[in-house]
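Every chain is numbered from 1, with letters handed out A, B, ... down the list of sequences.
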2 protein chains.
Amino acid sequence: MLREIEPLSDLVNARGIVPALPDLPCNTCHFRSSNFCGALFGRSGQPMAIRGKHREIAARQNIYRAGEGNEGVLVICDGWAVRFVQLPNGKRQILSVMLPGDLVSATSMLEGQLGFSVQAVTDVRYCYFPFAEVRARIRNNPPLFDAWLRLTAAEQRDADKRLVDLGQRTAQERIAALIVHVMQRCEQRGELVDDEFPFPLSQQQIADFTGLTPVHTCRVLSALRKNAVCDVGHGFVKIMERRELQRMGALK
Amino acid sequence: MLREIEPLSDLVNARGIVPALPDLPCNTCHFRSSNFCGALFGRSGQPMAIRGKHREIAARQNIYRAGEGNEGVLVICDGWAVRFVQLPNGKRQILSVMLPGDLVSATSMLEGQLGFSVQAVTDVRYCYFPFAEVRARIRNNPPLFDAWLRLTAAEQRDADKRLVDLGQRTAQERIAALIVHVMQRCEQRGELVDDEFPFPLSQQQIADFTGLTPVHTCRVLSALRKNAVCDVGHGFVKIMERRELQRMGALK
DNA sequence: CGGTACATTGAGAAATTTCAAAGTTGGTGG
DNA sequence: CCACCAACTTTGAAATTTCTCAATGTACCG
């Protein structure tokens, strides 16, 4: 289920020559051109300035459990994951959805435990970078420091938006907002083709994100389908009435 | 309504001698022994290493409106305030409650606008510190940098907890959690006397915080009173059954 | 070809909102 | 000191949203 990706054993060979290293995942990662890994460790094209500890895990498995020791700054390299809180009574709240290239939490920069868990939605490849190294780079590089400030501010804005959703908006609005949010992220990545984009969340996961029950989530999605707004299922969303969907998802 | 506190005009007099400056609010602020101002600019006893721009404002007035230019890093010196989002349809969501000594948002360190507004709950004295100065100090002082990391992490944990509250918990649980949260903060400050502590939020504000209507909020508070758990009103909370209240507020 | 997880549907129950009216409180000016 | 005003709180009744329970249908995996 959880497989450590074997690092090249002779990163630097006996004669001190650094080989091409096509196998180190970061060296071929195309998210480095846009995400925080690139800002931290150099954009794509450059060899990666630090080695992360890479792993793979199957869909629906936990990458991290709240309260466990945390191995480093966690990045989702490939696949989708969610950050969530599991309550003793069985309920769970999904806090955020992470796409390939996303830092799991810009504020989890310190050794110690986290208050949330992380679960793979699809099969996931992920990576830990050493805390101290990441902190040192941020501290010693003013433009990087500012980039990181922007990232933490963006995460807080996102959390604030979710708070407004859960506190003030109806089931339909919350679900529409989630779909629109993911649509916009996919569009930026060029993954929106023929008004269709990947959406691997199950109805249970949509429910856990929006604070609804799976049954009610199903009814809302059915209504969206019946009204020819969009069709969610089988790992994809098909947009039929983009304008209408955006109107539903927008704050009123 | 909004009054600029006149800074001493001759901070350094003609002979270059710095006078005692008892009037600069930061020099007599007793929160500096514990809050982030102290970490940033020196603990109480020391003269304040930087001058904030201080102001006062009456209860129920806005300190900052979302989208306006932001003057600096905002600290609540005295009184209670809330951070909130106002929706066009009249609904509002309160994101967090700030007590004296609180930084308004650890992630609002950059010039530019914020996505939320800030309103005084009671009469408030507050203060802006220049962005660049604060950033420079954090960047140049490793222990301060770590302290600030802890603060941003704590703010995110708080936002995550609120998300769980709004997404997964009943009206009674949300209200109990708010009361317990404030109770614990007041207790740390030694403001809990005879099982009673200050609580200046109106029912409307409690409703905006918990994502409920004021009418339902009133019914829940009435039930708490009738069941002799606690009595909320007139600017205070009287705790009758602390254990029961904590049980209600705790995650299940 | 089963089995398991996921999705759908129906009916009734519960929590919360809405609307409307009446009571209270605290502050202000006469 | 009193009267009044405005804002806040309380109460009732009905409507709405969302949940719960339970059964059935569907898709994918080995």
For A:His234 and for B:Arg60, find the nucleotide of DNA chain D with the closest heavy atom, then tell me which residue's nucleotide is more 5'.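 The answer here is B:Arg60.
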Between [X] ([atom1]) and [N] ([atom2]), how many Å, whole number?
X        : N      : atom1 : atom2 : result
B:Lys226 : D:dT10 : NZ    : P     : 13 Å
B:Leu166 : D:dT18 : CG    : P     : 15 Å
B:Ile206 : D:dC8  : CD1   : P     : 12 Å
B:Leu201 : D:dT9  : CG    : P     : 10 Å
A:Arg169 : D:dT18 : CZ    : P     : 12 Å
A:Leu221 : D:dT18 : CG    : P     : 13 Å
B:Gln61  : D:dA7  : CD    : P     : 12 Å

What heavy-atom pair brings [X] and [Y] nearest, and what distance separates the two atoms?
X        : Y        : result
B:Phe209 : B:Ser96  : CE1-CA, 4.2 Å
A:Leu87  : B:Lys252 : CB-O, 3.4 Å
A:His54  : A:Cys127 : NE2-SG, 3.5 Å

Please tell me which of the listed nucleotides, D:dT10, D:dC8, D:dT18, lies nearest to the side chain of A:Ala171?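 Of the candidates, D:dT18 comes closest.
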Would you indicate which nucleotide in D:dC8, C:dA7, D:dT10 comes nearest to any side-chain atom of A:Cys218?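 Within the option list, the nearest is C:dA7.
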It should be established whether A:Gln203 places a side-chain nitrogen or oxygen under 4.0 Å from OP1 or OP2 of nucleotide C:dT8.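 Result: yes.
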Examine C:dA7: is either OP1 or OP2 under 4.0 Å from a nitrogen or oxygen in the side chain of A:Gln204? Give yes or no.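 Result: no.
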Distances for protein N/O vs nucleotides 17-24 of chain C N/O pairs under 3.5 angstrom?
{"from": "C:dT17", "atom 1": "OP2", "to": "B:Thr213", "atom 2": "N", "distance (Å)": "3.1"}
{"from": "C:dT17", "atom 1": "OP2", "to": "B:Thr213", "atom 2": "OG1", "distance (Å)": "3.0"}
{"from": "C:dT18", "atom 1": "O4", "to": "B:Arg219", "atom 2": "NH2", "distance (Å)": "3.2"}

Hey, are A:Ser105 and B:Gln156 close enough side-chain-wise for a donor-acceptor pair under 3.5 Å?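 Looking only at side-chain atoms, A:Ser105 and B:Gln156 do form a donor-acceptor pair, the distance falling under 3.5 Å.
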For A:Asp194, does the CG atom sit with more than 12 other heavy atoms under 6.0 Å from it, leaving out its own atoms?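 At most 12 heavy atoms, drawn from other residues, nucleotides or ligands, come within 6.0 Å of this atom.
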A quick test of your reading: do over 12 heavy atoms of other residues, nucleotides or ligands sit less than 6.0 Å from NZ of B:Lys161?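 No, the 6.0 Å shell around NZ holds no more than 12 heavy atoms from other groups.
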Using a 4.0 Å heavy-atom cut-off, does B:Arg225 contact any base of the nucleic acid, only the sugar-phosphate backbone, or nothing at all?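 Sugar-phosphate: the residue B:Arg225, judged by heavy atoms under 4.0 Å, touches backbone atoms but no base.
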Electrostatic pair A:Arg185:A:Asp102 at N-O distance under 4.0 angstrom: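 A salt bridge is present here (some side-chain N lies under 4.0 Å from a carboxylate O).
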